[in-house]
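What's counted below: heavy atoms across the whole structure, side chains too, no hydrogens, waters or symmetry copies.
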Amino acid sequence: MPLAHFDGALAVVTGAGSGFGRAIALALAERGATVLAADIDLPSAERTVTLAKTLGPGGGAYEVDVADAAAMEAFAAEVRQAHRVPDIVVNNAGIAVSGPFLDHGVEDWDRILGVNLWGVIHGSRLFGKQMVERVNALPNKPDKPNLGGHIVNIASAAAFAPTRSLPAYCTTKAGVLMLSECLRAELASSRIGVTAVCPGFASTNIVKNGTFVGGDAAHRERVRARGEKAIRMRRYPPEKVAERVVDAIIKNKAVVPVNFEGRLLRTLSRVSPASTRLLARIPVQ
């Protein structure tokens with residue numbers, strides 16, 4: 001989007017029922033966008049839309065499992081038919097699986113790949129195609145950067161650095177980062193921006209709702225409790241991530257590391273990869 005506000009824009013946000021998704025939806029609504037909030041938890045998505053209506057035009061809520069290809073096909077088609085081609089798409093839905101790689105089962109991999117990676121693929125492919133078709137239907141291609149639309153994919157600081165504690169999560173988020181870079185190159189000629197946003201620790205429910213594998217039940221709960229405590233102590237609200245998303249759309253940024261650990265891990269991954277491999281060996285007890 002070429003302006004510092006989004007009056008008249010249509011935005012689709014997945015995982016919009018809480019955390020980053022809700023904060024991003026509200027930030028866009030406050031700046032004039034109509035927001036379509038998608039989440040596997042429909043009441044939570046409806047709550048987001050209710051809040052959005054107090055800030056801007058409001059929008060609509062949809063129950064969607066982003067890992068379900070058919071459901072995402074139907075969702076994208078309904079958005080186009082009931083509304084129009086979106087101007088902004090934020091592929092935010094994500095889950096976490098924590099624990100040793102050898103304790104991850106096939107079902108753990110299927111679920112996290114389905115939500116974290118396939119969800120981004122589905123959203124980018126389906127809505128990206130709609131955006132390109134809209135641009136190609138214009139008499140002349142737009143002469144302003146990013147006028148064809150913008151796709152934001154929420155990755156993570158985990159995309160920059162390995163860790164023995166989050167092999168599946170890091171793998172999916174690294175995939176989201178690379179996918180975003182590839183897609184950005186492809187869609188640039190259609191004046192469609194693509195951004196990978198990579199937050200570090202922030203106050204969301206991803207640890208609380210995460211899956212923990214390895215060890216006994218007591219060990220897994222200890223790990224969960226320590227993770228939740230670390231997030232509470234970090235005290236980094238999702239609204240700050242939403243601000244960075246808005247800024248990235250306006251400025252058409254490629255990769256946005258968010259907060260100190262995000263910037264640090266990105267820098268280390270570029271100037272001292274060996275240090276990130278060393279950090280990856282630290283176990284979570």
The complete set of ring pair (Phe, Tyr, Trp, His ring centres under 6.0 Å) pairs with one or both residues in residues 34-63, sequence neighbours excluded, reads Y62-F75

Residue pairs passing the ring pair (Phe, Tyr, Trp, His ring centres under 6.0 Å) test with at least one member in residues 155-209, sequence neighbours excluded, are none

Worked check of salt bridge (charged side-chain N to carboxylate O under 4.0 Å, His left out) between D87 and R134:
CA-CA 10 Å; D87 305 292; R134 177 173 61 184; 3.2 Å; yes

Provide the closest heavy-atom pair for I154 versus V176 in the form atom of the first, atom of the second, distance.
O-CG1, 4.1 Å

Measure across A93 and T14 and return the closest heavy-atom pair with its distance rounded to 0.1 Å.
N-OG1, 3.2 Å

Determine whether the side chains of N153 and S180 contain a donor N or O and an acceptor N or O closer than 3.5 Å.
yes

Would you call [X] and [Y] a salt bridge, using N to O less than 4.0 angstrom?
X    : Y    : value
D216 : R220 : no
R80  : E133 : yes
R224 : E221 : yes
R111 : D65  : yes

For [X], is the [atom1] atom crowded, meaning more than 12 foreign heavy atoms sit under 6.0 Å from it?
X    : atom1 : value
E186 : CD    : no
K253 : NZ    : yes
R125 : CZ    : yes

State whether F127 and K129 meet the cation-pi test: NZ (Lys) or CZ (Arg) under 6.0 Å from the six-membered ring centroid, and within 45° of the perpendicular axis.
no

Relative to each other, are the rings of W109 and H104 parallel, tilted or perpendicular (30° and 60° limits)?
tilted

[X] vs [Y] side-chain heavy atoms within contact, under 4.5 Å:
X    : Y    : result
V85  : M131 : yes
K240 : N259 : no
R22  : L51  : yes

